[in-house]
Structures are given as C-alpha cells and as structure tokens.
Amino acid sequence: MKLLLWSWNVNGLRAALNKGFIEIIQKEQPDILGIQETKLQEHQIPEELNTLNEYLIYWSHSLRKGYSGTGLFTKLLPLSFSTGFGNPEFDNEGRINIAEYTEFIFFNIYFPNGQKDDERLNYKLRFYDRCLEVMEEKRTSGKIILVGGDFNTAHHPIDLANPKENEKTSGFLPIERAWLDKIAEMGWIDTFRYFDKSPEQYTWWSYRTKARPRNVGWRLDYFWVNKEGIEHIKKAGIRQDIEGSDHCPVFVELEI
DNA sequence: CGTAATACG
C-alpha cells in the first residue's frame, strides 16, 4: 500500500480556507495531512471542513488565542493520537500531533520560532532536545518513524537564498543547525535531500519583502525518517506550485 | 506584509 503524507504550515487555517485550501486537498488527496499554525481555538473550527468527509481530523490548540496550533487529517484510523511530549511547557502551545499506526508513527510538529528573543530561542532549543528524546523512544517500537512539520531552521547554506547574511538570524544559527546535524548523525534522514541535491528548493518566503516571486526563500519544512525506515520512502518533494500560505506543502510517498 | 487579536512571525 502506498500512502501520500503531506505537511503544510497554513499560516492561519481560516485564511487558507479563503485561498482554496479545501479545493487543493480535494484535488491532491493526501492520505495523511499534518498542518501547522492553524491559529484556531476549539470553538473556531470551520464548518467547511465537513466537506472533507473522507478524513478524520484531530487537533491540538494553543492555550493562547489566535496562535500556533496543529491539526492532523487522516484517511486511516490511527491506533492512537497524542498532543504532547508529556511536559506542559512544550504541550500547551498546540505544537504536537503524534499519530501511531500499525506500521509507522507520524509526528506532525510546529517547532517554535526563535526570533523574538533569547528566551524563545532557548525554548526552541529545549523543544528540539525533548522532541529528539521522544523520537528515540518511539524508535524502539521498531516502526517507521516519520517526523514532519515546520522545523523553523534551514539546515545547510543550500537551504536558504542568503546564508551569509543570515548566520546571526534565528532560523540559521549554528546552534540551531547543530541540532539538525545531531539528528542526522543519530540516523535520521532528511527525506527531501536524500532524493534531491539541488539548490533553491525552498518552502517558505517572507511576505514582508514579497520574496516568493523572486524565490528568496528558506527550506524550513521537512519530513525526516529513521534510517531503518528510509527503504519505505519512495519519493519526497516540495510543492512550490501550491499557494495559500507563506509556506508551501512538502510530502513523502510511503510504501508499507 | 499578513494573520488574527495588540503580538507574532
């Protein structure tokens, strides 16, 4: 069975719905879709989503209004669904969906942005470390572990348009990049780079500078998989043709 | 500049 998994930071689901979200999902038909930055509270879940009646939908909302939030749309019934790492400080911002299936476990994560101040950068780094612990715990199950989402860090100079200028910007700091180095060393694989070594493959473009038409972007959105699972990944890619957010969707095809 | 509520990305 071949499954199509998507990750997409929608930058406000209600805004994305006004930009064709439903039509895109109906056309592309991912089997499992993780979204980030829903910016919803429980009572704000849009009714139009009922038209996507082939999906079960799970949510994790932030305690803070209009902020963060993640959602999982799935055609397959998961064995379990969780919204946290087991730590209130990481679980209260609606950043975590973990869905376990028979053959694999899917993490849909909206990693923190570290640009506001040092406290948030520190939070991002601690969130990274705790996430890796949970990834490694789940790895002991022997299942394929897929970690998708907005990681908020470009790994290598090839992963952003202006690496030199951004060496001191959160999102491309050495200490943030070092965590991606670490997971790679521990046997986790960036599925997109595994298949595609080409430059200019970005997933986010700033609205402020109208960066997208000029492709001045960053690759912040990923699917990582444990090396034991890579043989099941038949394809990985980026859908730069799809609009509706300042991020574009990324995907993998999983054969199980 | 954009989203959703006055801050954050």
Side-chain angles (χ1 to χ4, degrees), chain A residues 7-25 33-49 59-71 89-97 108-128 131 148-155 159-163 165-173 175-177 179-180 202-222 238-240 242-250:
Chain A
S7 166
W8 193 8
N9 181 323
V10 295
N11 188 30
L13 182 56
R14 286 167 287 175
L17 284 163
N18 292 328
K19 300 176 189 177
F21 178 84
I22 298 276
E23 296 74 11
I24 291 163
I25 301 310
L33 163 65
I35 61 174
Q36 305 91 39
E37 283 203 87
T38 55
K39 302 190 178 189
L40 295 173
Q41 301 169 69
E42 185 67 35
H43 68 276
Q44 295 173 319
I45 295 170
E47 299 225 357
E48 307 102 278
L49 295 174
W59 302 102
S60 179
H61 306 297
S62 176
L63 296 182
R64 180 174 179 168
K65 296 178 189 177
Y67 179 75
S68 184
T70 47
E89 76 163 323
F90 300 129
D91 300 350
N92 286 344
E93 295 188 358
R95 298 180 176 278
I96 301 161
N97 301 161
N108 171 40
I109 310 288
Y110 175 41
F111 290 92
N113 186 304
Q115 290 185 341
K116 182 169 177 277
D117 53 35
D118 279 353
E119 184 189 336
R120 291 302 291 179
L121 174 60
N122 185 269
Y123 177 73
K124 176 181 181 178
L125 297 171
R126 287 185 292 109
F127 190 106
Y128 274 156
C131 187
D150 177 358
F151 284 61
N152 255 316
T153 298
H155 193 178
D159 296 315
L160 69 167
N162 295 314
E165 296 88 324
N166 286 296
E167 280 175 352
K168 295 183 177 177
T169 306
S170 177
F172 195 59
L173 295 175
I175 195 167
E176 298 169 321
R177 298 171 58 197
W179 183 76
L180 293 173
Y202 309 131
T203 66
W204 175 81
W205 303 263
S206 173
Y207 276 138
R208 303 185 201 185
T209 53
K210 300 198 191 310
R212 192 160 181 172
R214 298 178 286 120
N215 200 25
V216 177
W218 300 53
R219 193 167 69 93
L220 302 178
D221 301 272
Y222 302 80
I238 296 174
R239 291 297 303 270
Q240 292 183 337
I242 292 180
E243 313 219 23
S245 164
D246 52 352
H247 293 250
C248 74
V250 297

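Order of the sequence lines sets the chain letters (A, B, ...), proteins ahead of strands, with each chain counted from 1.
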- Would you please name every residue forming a side chain to side chain contact (heavy atoms under 4.5 Å, CB included) with E176(A), sequence neighbours left out? L121(A), K124(A), L125(A), T153(A), S170(A), L173(A)

- Task: Would you indicate whether the side-chain heavy atoms of S60(A) and I96(A) approach each other to under 4.5 Å?
- Result: no

With 3.5 Å as the limit, what N/O pairs link the protein to nucleotides 2-4 of chain B?
residue: dT3(B); atom: OP1; partner: K19(A); partner atom: NZ; Å: 2.5

- Query: Looking at residues 111-119 of chain A, who's got a heavy atom less than 4.0 Å off DNA chain B?
  - Reply: N113(A), K116(A)

- Message: Using side-chain heavy atoms (C-beta onward) and a distance below 4.5 Å, is W204(A) in contact with D150(A)?
- Response: no

- When the distance from CG of D221(A) to C1' of dG9(B) is rounded to whole Å, what number comes out? 13 Å

- Query: OP1 or OP2 of dC1(B) sitting under 4.0 Å from any side-chain N/O of R212(A)?
  - Reply: no

- E93(A) CD to dC8(B) P, in whole Å, measures 10 Å

- Sorted by chain and residue number, the salt bridge (charged side-chain N to carboxylate O under 4.0 Å, His left out) partners of D221(A) (sequence neighbours excluded) come out as none

- Item | R95(A) vs F111(A) side-chain heavy atoms within contact, under 4.5 Å | no

- Task: Round to the nearest Å and state the distance from W205(A) atom CH2 to dC1(B) atom C1'.
- Result: 16 Å

- Note on the structure: Atom CG of N152(A) and atom C1' of dG9(B) are separated, to the nearest Å, by 8 Å

- Hey, does the side chain of T203(A) reach the backbone of R219(A) with a donor-acceptor pair shorter than 3.5 angstrom? no

- Task: Just jot down the side chain to side chain contact (heavy atoms under 4.5 Å, CB included) partners of N122(A), sequence neighbours excluded, or say none.
- Result: R126(A)

- dT6(B) and dC1(B): how far apart are their P atoms, nearest whole angstrom? 22 Å

- Can you sort out the partners of E243(A) under side chain to side chain contact (heavy atoms under 4.5 Å, CB included), two or more places apart, ordered by chain and number? R212(A)

